[in-house]
Structure formats: structure tokens, C-alpha cells
Amino acid sequence: MDIKKIAVLCSGGDGPGMNAAIRSIVRTAIGHDIEVFGIQKGYAGLLEGNFRPLDVSSVGNILQHGGTILQTSRCLDFHRPEVRAEAANLLKRKKIDALIVIGGDGSFNGAMSLHKEHGISVIGIPGTIDNDISNTEYTIGFDTAVKNAVDAVDKIRDTASSHERTFIVEVMGKKSSAIAYTVGVCTGAENVLLADAEDNYSQVASDIKRGVERGKTSSIIIVGEAEKPGLSYRVQQILQDEHQLPAHVCVLGHVQRGGSPTPLDRLMASEMGHLAVTGLLQGSTHHATVVQQGRVILTELENCLIKKNDVDPWLQELVKALSI
Ligand code: F6P
């Protein structure tokens, strides 16, 4: 199929690096005489017909900025087939040959349905700080979010040591273990706890007490956010009530999702954006750009519809081995 006009949107939670991906898509497309339209505010904006043409200079000076110039939304309406039919009609009326969706597994499911139900050509670019999409080693925004969290925990460590305190620091990830364990290793955390895990609080408490006895001046427990923030307060209560271990809580929240993307996020986003467009030109119609064995490649979108939230046993082992 001849590709003359494409559209791009961001959907779900934003992530640093999305702007670099948009820039890459626009510049690669224009380099191949393809017109690009940006859709504001995700699938909600698509339904409202909120399109604007993107030219070369509209994406100048954006790759170093977090957030997304297209803005984003979580559009629950898009779960309804009749709503997707409306969106597909609109894309067809505007003579859009393909839609590129930057987002997480939910956004990919929406794109897959547009393809299956209405024959819209779609390419997914994994964009979420959670790094929790099946069949890709990387999602745009993860490295920056980890860096933001590590910077924060390093600061907490300073004050924790000065006061000889234990801190429970809650990181984002909506049930995904990736941020929690990576931050745990990178900050020398004494423990990492997740919502669904069968946590052994006696073990956590005795690890901390053992550290204090051998002269540690601070302890950090990283807690991975559950469905909603706040799990840390339950951990704090249990440690205090059942193990007489006082701890302070710091919930990092959305500070992790903002700020200038790291070089890794800029690089991954630039590669994925480029491949999304060249893939379309080579005939991809329902694919995603993914990282496998360290390389950015295309795979069938169908492979990337599931949330992956299994704990990496190697990182788990590493936290334990290094925090003695
Ligand atoms: O999915 C990305 C993410 O940042 C999760 O880590 C977090 O749980 C969630 O989004 C927060 O969503 P919202 O910004 O809608 O509160």
C-alpha cells in the first residue's frame, strides 16, 4: 500500500522520550514525502477529530523535553467497539493511511482492535515508564524514571544516614516490578517489596536490625506501587506494630515521570520512531517496534498485548546478595 498520510498519537501515562519519538516519526516521514498529523490527547482526541499537521519545524527543539507535545489521555470509551468504529471512520474520512500509537499495553490493545475490526494499519511504539510490555526488553521512559527515582533515593540516603533512620520509598510501576528492582539495585536498598508478593516482614525487620548491628547508619526499603499509591504506609504500620521498627515513608509519585529524557530514552525513541515509519513503507500493517537482544526490530503487535510484571530473579538475587 502506498503511504501518503500518517497520524501519530500518545496514549496512557506519558513518559520521557515520547517527544523524541514524535520528532523521529515526523522527520523520517517527511524525508519520504509522507504527510504527518499529530492527534492531541490520545484516543479521546482522535474521537474529537483533534488533528494538526506536523511539519519539520513543529518538532524542533523538543527531543530534550519530557512529557509529550501531543498530550495524552486514558480513554476508557475506546474499549467499546462502536466507539472504535467511529474512530476508524474518521481516520478513513481524513484519508490517513496508518496510525502510529505511542503507549503501553492498553493503548496497543486499542490499536490492535482498530486493525482487526476495521483494517486500519497500525504501528505501536512502547512508551511507558513501567517497562512492562510483553516481548520487548525496553519501553520508552523507563531509564529516565529510574534515574529520577535513584536521584531521589540518593538524597533520602543522605538524610537517613544523618539521622540513622529507615526509610520506605515507594516507586511507580503499577504492579510492574521493573522500576522497583532496578532502583533497589542502583541505590543499594536493603529490601524491595511488591504488592502481590508474599512478603516476609519478619525477614525484612531482621535484615534491617542485622544491618544496624553491624554498623549501618541507614536502611532503605523500596516498595513498588500497587494498583494505587500508598502501600508503603501499610508496610510502615506492620514494621512498627509487629516488629517495633520505626520507619519514615516517602512516596515519590509523578516526579518520576517528568523531566528531560536520558540519552538512552532519546536514542531508543529516535530508533523506534524511525523504524515505525520505514516499517510502514515496507508493508508492516499491524506491528510494534520492540527491543530484542538489544536491537530495535519490528514484531507483530499481537505479541505485545500482554502486561509483563514478573520479577526478574537475577535482580531479586542481586538486591539480596549486595545488601548483607
Ligand atoms: O503506567 C504508567 C504509570 O506512571 C504507572 O507507573 C502509574 O501507576 C500510573 O501510570 C499512574 O497513573 P496516573 O498518572 O494516571 O495516576
Side-chain angles (χ1 to χ4, degrees), residues 9-19 21 40-45 65-68 70-79 101-111 124-134 136-153 168-184 186 192-197 222-235 249-262 265 268-269 272 288 290 304-312 315:
L9 61 79
C10 296
S11 164
D14 66 326
M18 284 184 169
N19 282 329
Q40 285 303 127
K41 300 187 187 172
Y43 289 121
H65 296 300
T68 156
L70 294 179
Q71 301 179 288
T72 182
S73 65
R74 299 190 191 276
C75 180
L76 297 181
D77 271 354
F78 217 71
H79 291 292
V101 172
I102 308 172
D105 60 300
S107 314
F108 280 13
N109 275 283
I125 295 184
T128 162
I129 61 165
D130 298 346
N131 205 12
D132 62 348
I133 297 182
S134 49
T136 182
E137 288 154 20
Y138 198 73
T139 63
I140 296 169
F142 176 68
D143 191 53
T144 309
V146 167
K147 183 185 182 302
N148 288 338
V150 167
D151 287 350
V153 176
I168 301 165
V169 184
E170 185 165 313
V171 296
M172 268 189 165
K174 199 171 256 175
K175 289 194 166 179
S176 153
S177 63
I179 296 180
Y181 270 98
T182 310
V183 170
C186 295
V192 175
L193 304 177
L194 297 173
D196 292 337
I222 302 291
V223 168
E225 173 187 271
E227 202 52 57
K228 283 191 187 137
L231 175 63
S232 298
Y233 293 102
R234 194 160 66 82
V235 174
V249 168
C250 179
V251 178
L252 295 183
H254 289 80
V255 75
Q256 291 159 99
R257 223 165 64 184
S260 182
T262 61
D265 274 322
M268 288 291 119
M272 288 187 181
V290 293
C304 304
L305 303 181
I306 295 169
K307 212 184 234 328
K308 108 188 148 188
N309 59 4
D310 41 326
V311 177
D312 180 339
L315 288 185

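Just follow the structure's listing: the first ligand is 1, and inside any ligand the first atom is 1.
- Heavy-atom distances between Gly104 and ligand 1 stay at or above 4.0 Å for every pair.
- Residue Ile140 holds its CD1 atom at 10.5 Å from OG1 of Thr128, rounded to the nearest 0.5 Å.
- Looking from atom 1 (O) of ligand 1 to the surrounding protein, the closest heavy atom is Asp130 OD2, 2.9 Å.
- From Leu193, atom CG reaches atom CD1 of Ile222 across 9.5 Å, with rounding to the nearest 0.5 Å.
- At a heavy-atom distance under 4.0 Å, no atom of Ile179 approaches ligand 1.
- Shortest contact from atom 7 (C) of ligand 1 to any protein heavy atom: Glu225 OE2, 3.2 Å.
- Ligand 1 lies out of reach of Lys175, whose nearest heavy atom is not under 4.0 Å from it.
- In summary, Lys147 and Asp143 do not engage in a salt bridge, as defined by a charged side-chain N under 4.0 Å from a carboxylate O.
- Of all the atoms in ligand 1, the ones that sit under 4.0 Å from a non-hydrogen atom of Ile129 are 4 (O), 6 (O).
- Contacts between Gln256 and ligand 1 below 4.0 angstrom, taking non-hydrogen atoms only, are absent altogether.
- For the pair Glu170 (side chain) and Gly230 (backbone), a donor-acceptor distance under 3.5 Å is present.
- In this structure, Tyr138 contributes its side chain and Pro126 its backbone to no donor-acceptor pair below 3.5 Å.
- Ligand-side atoms of ligand 1 in range of Gly173: 6 (O), range being under 4.0 angstrom from any heavy atom.
- Remark: minimum distance from atom 11 (C) of ligand 1 to any protein heavy atom is reached at Arg257 NH1, 3.6 Å.
- Put simply, the residue from Asn19, Ile125, Thr72 that forms a side-chain contact (heavy atoms from CB on, under 4.5 Å) with Cys10 is Thr72.
- Of the protein's non-hydrogen atoms, Arg74 NH2, 3.7 Å is the one closest to atom 9 (C) of ligand 1.
- Judged by distance alone, with hydrogens and angles left aside, the side-chain atoms of Gln40 form a donor-acceptor pair with the main-chain N or O of Leu70 at under 3.5 Å.
- By heavy-atom distance, the residue among Lys307, Glu227, His254 lying nearest atom 16 (O) of ligand 1 is His254.
- Using a distance-only test at 3.5 Å, with no hydrogens or angles considered, a donor-acceptor pair links the side chain of Lys308 to the main chain of Thr136.
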